[in-house]
Amino acid sequence: MSRAAGSGGSGGRRAAGVLLPLFSLRGTRDWGIGEIGDLPAFCRWLADAGQRLLQLLPIVEMSLGERSPYAAMTAFAIDPIYLSLGEVEDFAAAGGESVLAGALDEARRDPHVDYDAVRAVKRRALEIAFARFMATEWESGSTRAEDFRRFRSAEAAWLEDYALFRACQERHGGRAWTDWEPGLRDRLPAALAGALAALERERLFHEYVQWIAAEQWAAARRAATAVGVRLKGDLPFMVSPNSADVWARQVEFGCDVALGAPPDAFNAEGQDWGLPAHRWDAMAQNDFAWLRARARRAAALFDAFRLDHVVGFYRQYVIAPGGPRGFVPADESEQRSLGERLLMLVRDDVGRTEVIAEDLGVVPPFVRRSLTELGIAGYRVLRWEERGGVFRDPAAYPALSVATTGTHDTSSLAAWWEEELGADGRRALAAVPSFAALRDEGASFTPAVHAVLLDGLHAAGSDLIVLPFPDAYGGRERINVPSTVGPSNWAYRMPWSIAELQGAAGDELRDRLRGLAERHGRR
């Protein structure tokens with residue numbers, strides 16, 4: 001058996017967990033968005049509910065003006081929007097929330113996530129905290145200043161380029177690096193040296209923010225580990241063309257072409273994502289240092305992580321403006337060879353951290369066979385495990401897989417049952433032994449239907465089951481609606497605060513999840 005076999009990273013033991021974006025957590029005193037400081041209390045509740053894993057969406061910093069966590073400005077830096085400013089001692093010493101009362105009230109007012117308001121108030125708070133740190137710690141060479149220096153040294157491989165990129169970006173009014181003056185755009189040594197000197201304080205600010213983020217994340221992860229809950233991250237396959245990574249490694253990304261998807265039944269023209277292609281041949285010249293660094297960074301932050309768009313490691317659909325488009329490499333044997341080479345590099349660089357593949361969408365059969373041979377778990381999404389009107393019984397899912405009711409891009413389980421599945425689909429699902437109790441149920445998503453669906457999925461052969469949090473309680477909220485842009489996307493927040501979950505409001509849900517985990521040997 002491969003060392004990675006036994007999905008769930010628990011030596012083959014069955015486990016259950018939930019999917020909830022960090023931004024969706026609701027603390028008693030958060031600033032309008034879920035925060036790192038909310039994780040320990042939520043993980044304690046999960047542990048009480050028999051859950052052993054919390055799957056998050058990407059936590060890397062989003063590009064300017066974006067709200068999707070998959071629009072990555074960096075492959076390495078934690079987004080400052082998730083920081084718990086109330087726990088930053090420099091901010092507290094400078095007056096704390098009292099200095100931001102009006103702006104903070106605005107950020108907290110929206111029942112969803114007002115990204116612009118939250119980002120603005122947290123940036124102001126971080127500037128206040130940094131000024132205090134520089135005046136009282138940095139200039140005196142305090143113990144905390146030494147801690148900061150050690151962090152800068154330890155993370156320099158990615159931190160230096162990231163901080164310089166952010167400082168230059170702000171100096172240029174947020175414009176893309178391709179619009180900077182030629183010397184800086186092309187990273188000529190003299191221009192870089194000049195920027196490093198001229199922007200020293202601005203670079204220190206961004207490094208300070210990442211130090212605070214690292215300290216808070218490490219504390220949250222220790223707390224999760226202490227109660228037996230593993231944190232699972234998510235690595236976007238692509239980074240934005242206007243990212244620190246592409247600017248620092250221009251030869252390793254194809255900025256003259258774009259990634260996309262070929263034509264299909266839903267889009268006759270195909271899709272142009274406007275994102276740079278990975279130039280694996282160029283990356284091979286330095287032994288894939290960037291890819292390896294990404295994997296090691298993920299292992300430093302998480303107990304497991306999901307590789308977004310794993311088929312992209314085997315083949316990329318590359319679009320040349322006004323020119324040809326197609327898969328690179330084109331040959332299946334070359335695709336398999338490339339994908340396995342890259343995934344083995346990732347897997348072998350992360351030690352005991354579990355690697356899970358997002359193998360959904362249009363994925364050639366050979367990719368899933370390859371993942372199985374590599375010992376990397378893929379997904380089994382209930383609503384998509386159907387062929388010719390016949391659903392596959394979850395009991396037959398392979399152990400090396402993650403069973404789930406949906407993803408961050410799908411409708412809720414309730415909406416799927418009532419609005420999408422249809423009468424024929426409901427009958428087909430009821431014909432599956434694990435869901436036989438649905439035979440007498442109608443189109444309404446009743447508590448009985450909900451209970452049968454969750455019980456059948458928990459009986460899956462998959463070692464790991466992960467429920468999107470709305471499906472755990474039978475809600476109808478969505479995290480995201482693909483191919484749309486609007487204030488409702490990536491703005492979902494759970495309907496209770498964590499304190500309410502820990503009280504009477506969460507008792508029924510906690511007991512239900514714990515009962516399912518215990519009944520199916522997942523606790």
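Every value quoted in this text rests on a predicted model; they were computed, and no experiment measured them. Reckoned from all heavy atoms, side chains included, excluding hydrogens, waters and symmetry mates.
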Nearest heavy atoms of [X] and [Y], plus distance in Å:
| X | Y | answer |
| --- | --- | --- |
| Cys255 | Val246 | SG-CG1, 3.5 Å |
| Trp417 | Leu453 | CE3-CD1, 4.3 Å |
| Ala298 | Phe305 | CB-CD2, 3.6 Å |
| His520 | Asp455 | NE2-OD1, 2.9 Å |
| Arg14 | Arg52 | O-NH1, 2.7 Å |
| Arg523 | Ala47 | NH2-O, 4.4 Å |

Chi angles and distances behind the salt bridge (charged side-chain N to carboxylate O under 4.0 Å, His left out) call for Asp287, Arg292: CA-CA 8 Å; Asp287 195 27; Arg292 288 178 180 272; 3.4 Å; yes

With a 6.0 Å cut-off on the ring centroids, do [X] and [Y] count as close?
| X | Y | value |
| --- | --- | --- |
| Trp384 | Phe391 | no |
| Trp490 | His112 | no |
| Tyr70 | His408 | yes |

Partner of His278 by ring pair (Phe, Tyr, Trp, His ring centres under 6.0 Å), out of Phe288, Phe237, Phe313: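 So the option named by the test is Phe237.
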
Flag if over 12 foreign heavy atoms under 6.0 Å of CZ, Arg341: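 Counting other residues, nucleotides and ligands, CZ of Arg341 stays at 12 neighbours or fewer.
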
Asp440 atom CG, neighbour heavy-atom count above 12 within 6.0 Å: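 No, because the 6.0 Å sphere around CG of Asp440 holds 12 heavy atoms or fewer from other groups.
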
Counting distance only, does the side-chain N/O of [X] pair as donor-acceptor with the main-chain N or O of [Y] below 3.5 Å?
| X | Y | result |
| --- | --- | --- |
| Ser370 | Phe366 | no |
| Asp245 | Ala75 | yes |
| Asp331 | Glu334 | yes |
| Asp359 | Tyr379 | yes |
| His450 | Asp471 | yes |

Side chain to side chain contact (heavy atoms under 4.5 Å, CB included) between Leu83 and Glu35, intermediate numbers included: CA-CA 6 Å; Leu83 291 180; Glu35 300 176 344; over 6 Å; no

Geometric cation-pi criterion, Arg315 with Phe327: 6.0 Å, 45°: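 Yes - Arg315 lies over the ring of Phe327, closer than 6.0 Å to its centre and within 45° of its axis.
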
Check against side chain to side chain donor-acceptor pair (under 3.5 Å), Glu420 and Ser411: CA-CA 9 Å; Glu420 301 169 20; Ser411 62; 2.7 Å; yes

Verdict with supporting geometry, Ser401 and Asp463, side chain to side chain contact (heavy atoms under 4.5 Å, CB included): CA-CA 7 Å; Ser401 67; Asp463 276 345; over 6 Å; no

Pair Asn489, Thr484: side-chain N/O donor-acceptor within cut-off below 3.5 Å: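 There is such a pair (donor and acceptor under 3.5 Å, judged by atom type) between the side chains of Asn489 and Thr484.
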
Ring geometry between Phe76 and Trp290 (parallel below 30°, tilted from 30 to 60°, perpendicular above 60°):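 The rings of Trp290 and Phe76 stand perpendicular, inter-plane angle above 60°.
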
Aromatic plane relationship, Tyr473 with Phe469 - under 30° parallel, 30 to 60° tilted, over 60° perpendicular: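 Ring orientation of Phe469 relative to Tyr473: perpendicular.
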
